[in-house]
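All remarks here apply to the structure that follows.
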Amino acid sequence: MAKVFIYPATSLILSDLVARFGHQPLGSAISIREHIQTPGFDSPPIQMTSEDPQKGLKWAAVEVPSGIRGRMSLYGPLVEEAEAAIIIDEPDLAFGCMGCARTNELLAFMLREKDMPRLELRYPASKEEGVTFVAQIKEFLKNLEVQQ
């Protein structure tokens, strides 16, 4: 079983595919749930504490807006934990919206820089491309078992 970072990190479809093939999906849903269920967490709906931007300094410079640093305090540990990644370029908003273009750029850069198996695909524009899209993800995930 590999820990696979999914991008966009909010994609339930990718998360489900990764889990179906016996791997652990690393995305925002679980990390946000763990974050807001922390005892003493007192800031919904903001879902961010005053310490989060400080934690995010490990992955983003002090000149970077605090919102990006706050997001990186959630995503940074997941990228470090990842053993593989699936990156979908130009996804449809319904597939998984990440919301912050600068955080997206930083995440994609970090994933591409890390030495690990990585699958990069363009979001499908037709039914035929969708079938190929899922088949490529399936093949990638099956091959991860061999590499582990």
Side-chain angles (χ1 to χ4, degrees), residues 1-39 41 46-49 51-125 128-148:
M1 174 180 83
K3 295 178 180 180
V4 181
F5 188 91
I6 56 170
Y7 180 89
T10 58
S11 176
L12 295 177
I13 296 168
L14 272 182
S15 182
D16 181 62
L17 277 171
V18 170
R20 282 180 190 231
F21 288 97
H23 300 290
Q24 180 183 351
L26 299 176
S28 61
I30 293 171
S31 60
I32 289 173
R33 183 188 73 209
E34 289 172 359
H35 186 67
I36 64 172
Q37 289 180 341
T38 302
F41 186 79
I46 298 170
Q47 299 179 345
M48 193 169 145
T49 67
E51 291 84 27
D52 289 337
Q54 292 171 351
K55 291 176 190 171
L57 284 171
K58 181 174 180 180
W59 300 281
V62 71
E63 296 85 11
V64 172
S66 61
I68 295 171
R69 291 194 318 266
R71 287 177 183 88
M72 290 309 298
S73 71
L74 293 173
Y75 294 133
L78 295 177
V79 172
E80 287 184 354
E81 187 179 351
E83 299 167 336
I86 298 175
I87 302 171
I88 308 303
D89 292 322
E90 299 180 33
D92 184 80
L93 289 177
F95 185 75
C97 176
M98 292 286 288
C100 178
R102 298 301 167 246
T103 303
N104 295 348
E105 290 173 7
L106 180 56
L107 266 176
F109 175 78
M110 288 174 62
L111 291 168
R112 289 178 178 126
E113 287 293 305
K114 188 169 179 178
D115 183 27
M116 65 181 167
R118 183 177 65 247
L119 176 65
E120 293 191 48
L121 298 171
R122 180 173 288 274
Y123 186 77
E128 294 79 22
E129 287 179 11
V131 170
T132 303
F133 176 83
V134 173
Q136 288 175 311
I137 292 171
K138 177 182 175 181
E139 187 66 27
F140 175 76
L141 293 170
K142 280 187 172 183
N143 288 335
L144 279 179
E145 294 172 348
V146 174
Q147 294 174 6
Q148 295 299 318

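Computed over heavy atoms, backbone and side chain alike; hydrogens, waters and symmetry mates excluded. Given the structure is predicted, the values throughout are model-derived calculations rather than measurements.
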Which is it for Val4 and Leu26 under the side-chain contact (heavy atoms from CB on, under 4.5 Å) test, yes or no, and what are the steps along the way? CA-CA 6 Å; Val4 181; Leu26 299 176; over 6 Å; no
Within-4.5 Å side-chain heavy-atom neighbours: [X] and [Y]:
X	Y	result
Phe109	Glu113	yes
Met110	Arg112	no
Phe140	Pro117	yes
Lys55	Met72	no
Ile87	Asp89	yes

Under the side-chain contact (heavy atoms from CB on, under 4.5 Å) rule, collect the residues that match up with Ala135, sequence neighbours excluded. none
If you compare all heavy atoms of [X] against all heavy atoms of [Y], which two are closest, and at what distance to 0.1 Å?
X	Y	result
Ala85	Leu111	CB-CD2, 4.1 Å
Ser28	Thr10	OG-CG2, 3.3 Å
Leu106	Ala60	CD2-CB, 4.0 Å
Ile6	Gly27	CG1-CA, 4.0 Å
Phe133	Tyr123	CE1-CA, 4.5 Å

Salt bridge or not between Lys114 and Glu83? Use side-chain N to carboxylate O under 4.0 Å. no
N/O donor-acceptor pair under 3.5 Å between [X] side chain and [Y] backbone:
X	Y	answer
Arg69	Gln54	no
Thr103	Arg71	no
Ser73	Gly70	yes
Arg102	Ile68	no

List in chain and number order the residues that pass side-chain hydrogen bond (donor to acceptor under 3.5 Å, both in side chains) with Glu129, two or more places apart in sequence or in another chain; answer none if no residue qualifies. none
Rounded to the nearest 0.5 Å, what separates atom CZ in Phe21 from atom CE in Met1? 16.0 Å
Output the distance between atom CH2 (Trp59) and atom CD (Glu80), rounded to the nearest 0.5 Å. 5.5 Å
Stepwise side-chain contact (heavy atoms from CB on, under 4.5 Å) test for Tyr7 and Ile88: CA-CA 6 Å; Tyr7 180 89; Ile88 308 303; 5.6 Å; no
Partner of His23 under side-chain contact (heavy atoms from CB on, under 4.5 Å), picked from Leu144, Ile86, Leu17, is Leu144
Among Leu119, Val18, Thr132, which residue satisfies the side-chain contact (heavy atoms from CB on, under 4.5 Å) criterion with Ile137? Leu119
Strictly by salt bridge (Lys or Arg N to Asp or Glu O under 4.0 Å), give each pair with a member in residues 4-18 just once, sequence neighbours left out. Asp16-Arg20
